[in-house]
Structures are given as structure tokens and as C-alpha cells.
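All chains are named by letter (A, B, ...) in the order of the sequence lines, taking the proteins before the strands, and each is independently numbered beginning at 1.
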Amino acid sequence: MSRTDAATGTGSGEFVHRRRRGAELFLLVVALLVGLGAYAAVGLGMEGEIPADMFTYGGGLTVMIVACHLVVRFVAPYADPVLLPVVAALNGLGLAVIHRLDLTYGEIGQKDDYAQQQLIWMALGVVLFLATLLLLRDHRTLQRFTYTSGLLAIVLLLLPLMPIIGTEINGARIWINVAGFSFQPGEVAKVLLVVTFAGYLVLHRDALALAGRRLLFVDLPRGRDLGPILAMWLVSLGILVFQRDLGSSLLFFGLFLVMLYVATERPGWLVVGGTLFAAGAFAGYQAFGHVRQRFDLWLDPFAFYGEGTNDLGRQSVETQFGMGWGGLIGRGFGNGRPELIPYANSDFIFAAIGEELGLTAVMAIIVCYGLIVERGLRTAVTCRDGFGKLAATGLAVTFALQVFVVVGGVTGLIPLTGLTTPFLSYGGSSLVANWVIVALLLRISDQARRPLPSMLSTEPDPEPDAEETQVVKL
Amino acid sequence: MSELTLFLIRFAYLAILWIFVLSAISVIRSDMFGARVPDTGRGRLGRKEKAARAPKATKGPSRRRGAPTHLLVVEGSNAGERAELADAPLLIGRGNDAAIRLDDDYASTRHARVAAFEDDWFVEDLGSTNGTYIGSARITQPTTITLGVQVRIGKTILELRK
């Protein structure tokens, strides 16, 4: 891992990153334009006029974004300039699309306060984002909580199985319900597991990579090195399978595999992981009815659509109709019928965007996610400490896997598994957790891009005549 | 609202979306190529001149009289091995790509790095398991070392020598 930062030369003082806070501010203004423009376009498309609350809504969003920018400017001045604007733009666009669906849901007499709730969750996410940046001044502090956060993650994953607070929605028991608010603890566990994996692997990567027996073409590490982490992973995965949350299981498995690979630099892990995944998928297909159903729906959704069938393929089929109708530049806000797709505002928000804004917008959004992941991995490459590298890699990979799983599922590339589209989908827990992830990435990138303090301050020369003393010694 | 207006709104919005994406990419681009080389008192130089002087700068203090020229292992199983500071930055550890390859069970694959900045030499721990010590203090950030300062890695002790 150190080879990479030797190549960029961060250590030798050749290459110093600029702060780029001005660039960030400029991008944030454009990002606000993306979010508020969408809101205005929704109003114009749906009701023929700019929404009446444009100024209060716009003001609220602007206040949140400006607060983020100011805090970043003061406590993380060297942080990456692109991450925050991209996140702000995605969140703004997501809010507008959810609001657009609310308007239609209101017309047909369904629950229509999703956008309001999402705005509250966004505010909470921003508060936690600011708190993370303000309280966590050095990401290496997190390394101390390696095992604590692992334990906490498992407790959080177990919470939905508890009798009173746990609730089952659509066959997946992954929600808890406290005081009328439902929350998905798995989303927070995701962040905690990244910290745990990174903290553990950074301490044990030499042992994992070097000590152990060779079996077939893979160096198997000793049991005592791999044991704890494997146990933790099995527990979290077991809980997820038990709760029937396929998407998160896939996410955690991929995350664990990638971090192990990055930490040990052994490609053999990918082979082992790929084999395990294939075996697991096959076993799941054989053992669980709902996995088999997902496969069948993926292969031929039209066989499960329309009269005379169980109509389970409606979601996928309507998505494909919608995206097809949207075409290259979409129908425009208010001219599509995304409400026909069940869960168009959460898991299937991508379908709604594809229908009303078209392939052009879908591509722009995928590029935005690509930018988030690229910035995360770039942070990992620049970062000087092993823990930061692994944590940044893990957080970036979380986004990458999540977007792949959900967009792949919605567009029919892979079987559908329920996950939220980061920042776009309606869903409080996911939004809050993702804002915290971005705060962590910004914190790590601030540390990574900051010029070395000891090298910039002109330290007093340690004992000017120490050199001469040494000459005598020679 | 007429069909044309709605079409224009849709088109304008997609344009805003892509303007955002492209400006984000251009910020990343300028971040990659526009980073500033720290001003070390050589004033403003042309691009070519800068490139020509870059390799010189890595050699750092080695050209000054009385400055260290090599890193020597003074204690441990590799005692007597040395690496020229002219090849800086030097990687120290058990890995094959290290400038000084240590046969020390307490050293990590990539344990520490010795690099120059301006007129000083620094040792930086690369997240090793057992740490890098100067005297009895475990270093947590790049630390200046001068001639004869003993840097301990596991059972090995290294020194800068003339």
C-alpha cells in the first residue's frame, strides 16, 4: 500500500494539495441549482407554476448546505472539494423526485408526506454530518473502537429481531419502530462494520498475508489471525439471512471481501470469495423460496405480469415500460406515470428518474456516484496511515456495491435485491448513515491531503552542533 | 403551459445536471494537475525549469557538506547493511521492495520510510505492527532525524551516517 503514496510523492513534500474550498463553494452553488431546479421543474410540470413554497424550501436547503460548507471550511480545510457538492446535488434531486411522487400520491388519495419526512431526515443527517466533523478531529481515533464498534454493529443488527421494537415489512424483518419512527439499524451497522474491518485488518494484515499454510493456490492464514473477523462476519451475515435481507447480505459480503483483498494484496481471496459467493447463491436458490422467486422474476418478469398470474413481476415490468417510455431525454416532470411502479420513491426511484428525466439524467447520476467512489478511493491512495486507507476504501466500496446492486436490480442486469439508492431514495436510516459516511470520508481526505505539519513548520534545528559531536564519534 | 415550454424546461434541467457533473470533473482535473509544488525559495519558475529541477529536489540535503550520505544498520541481524540516501525515499521492512531488507521478526513488510524534505531527513512509520522508535518514544508522525540518531525497528537499530 505504501508503494502508491511513494509514487504520488506525498511523503517527500513534492506534491501539496490545495485547499480548494472556493471550488467547493462554486460546485455547491451549482448543486443547489440542481436540487432547486428540479423542485421548480416539478412545480411547473405538475401544476403549471413555480411552487408557492419555493423560497422557504430553497432557503432551508441553502442554509443546510451553507452550514456544511462553513464547517468543512473551518474544521476540515483540506478535505476533498467534490464529495460534498455531489452529495448535495443527489440529495436535492432525490427530494424533488419524492415530492413529485407525493403530488401524484396525494391526487390518488395515498399517503403523501414522504418528501416532508425525507427533509426532516436530511436535516438530521446534516446535523450528524456536522457533529461527526466537529467531534472527530482525527479519523485514527476510530481505530481504538475496533471491537466496540463490531459489537455495536452486531447488537444493531439483532435489534429488529427483538419482540416489541422489531417490525416486519414486506417479508424482511430489518426495521425497528420506536415512538412512531421506523429505523433500519442495518444501515448504521454498515458504517460500524467498515470501522471494525479496517481496524482489525490494519493490525493483522501482515500476519494474514504472510503467516500460514498454502492450500491449492491460496495462502490460508492461521485460524487465530482470521478467526475473530470471520466469526464477526458470519454472525452479521447469519443475522441478515435470518432476516431475509438479501441486499445487505450481498453488500456486507462484498465489502468484507474487498477489504480483505486490499489489506493483504492477495488476489487469491477474490477467487475464494467468488467461489463462496457462487456456492452461497446456489445454496440460497435451492433452500429459500424467496431467493428462487427473485431469480425467476429476473429471468422472465413478463411471466409474472398481468391477469391470470400472481402479478409479482409488476414492479420490474412497469419499470421497464417506464424507462422505455422515458427514452433518451425523458417525459419531463409530471408527464410520466412513475406512480404505477410500486415503491417508486424508495427502491425504485431510479425507475422514476429514468421515466421522467430519461437516460441523460440516469447517466449523469451514475457518473455522480462514480465520482463519489473515485474520490473515496483517491483518498485511500493518498492517505498515509493504513487504517485511513482501509476505512476510505471500505466506505467507497460500500457506495459502489450499493449502487451496483440497486441500479443493476432496477434495470434488470442482476436479480432484484432490496437496497436503497444512496441519497436519492426515500428512507431515513439510509440517508442519515450515508451523510455520516460522507463526513468520515471528508475527515480522512482532510488528513490525507493536508501537508505534513512537522514538515511545514520550521522546527528549530535540533542541536546545531550535534553534527560535530557525531563527527568525533565516527 | 404549452408543450414547447415544458420541453424547454426539461431540456434546461438536463443541461444544469450535466453542467454540474462536468464542472465537478473539471475540479477533479485541476486538482490532479494543478497542485502546487511547495515554494522552497526558488521563486517562480517556468514549467520546464520546474520539471528539470524536480529530480534534484528529491536528493534533498545530500549535497550539503557534512550531510549524511547513507543509512546504516548498526545493530540486529542485518548489522552492517547500508542504503545510499541518494536513492531516497528509502523503504525499510521485511518486504522484497525495501531498500534495507530486514530479517527481523518484529519488523513489518513495509515498516518505515526515510525521506528528505528541504534540508532535513525524516523517518515515517508506515503503520507497522510493532512501531518505530526514536530513543524510547514510539513515533506517530514523520520525525526529523540527524546524524547518529538511533532509529529502532524491532531488534534492529538504524542510523544516518556520513
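Residue-environment remark: OH (B:Tyr106) stays at or below the threshold of 12 foreign heavy atoms within 6.0 Å.
Checked for salt-bridge contact, A:Glu265 and B:Arg110 meet the test: a charged N lies under 4.0 Å from a carboxylate O. Using a 4.0 Å cut-off between charged nitrogen and carboxylate oxygen, B:Asp31 and A:Arg375 count as a salt-bridge pair.
Of all the heavy atoms in B:Val27 and A:Pro81, the pair that sits closest is CG1-CG, 3.9 Å. Annotation for B:Leu17 and A:Val34: closest pair CD1-CG1, 3.4 Å, computed over non-hydrogen atoms.
Counting only distance, with no hydrogens or angles, the side chain of B:Arg10 and the backbone of A:Gly330 share a donor-acceptor pair below 3.5 Å. At distances below 3.5 Å, not a single donor-acceptor pair connects side-chain atoms of B:Trp18 with backbone N or O atoms of A:Ala361. For the pair B:Tyr13 (side chain) and A:Leu357 (backbone), a donor-acceptor distance under 3.5 Å is absent.
Proximity to chain B involves both the backbone and the side chain of A:Ala38, based on heavy atoms less than 4.5 angstrom apart. For A:Asn335, the part lying under 4.5 angstrom from a heavy atom of chain B is the side chain only.
Residues of residues 21-29 of chain A that come closer than 4.5 Å to chain B, counting heavy atoms only, are A:Ala23, A:Phe26, A:Leu27, ordered by residue number.
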Should B:Thr129 and A:Arg205 be marked as a side-chain hydrogen bond (donor to acceptor under 3.5 Å, both in side chains) after you check the CA-CA gap, both sets of side-chain angles, and the distance that decides it?
-> CA-CA 9 Å; B:Thr129 314; A:Arg205 74 191 146 111; over 6 Å; no

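Between the CE atom of A:Met363 and the CG atom of B:Leu14 there is a distance of 10.0 Å, given to the nearest 0.5 Å.
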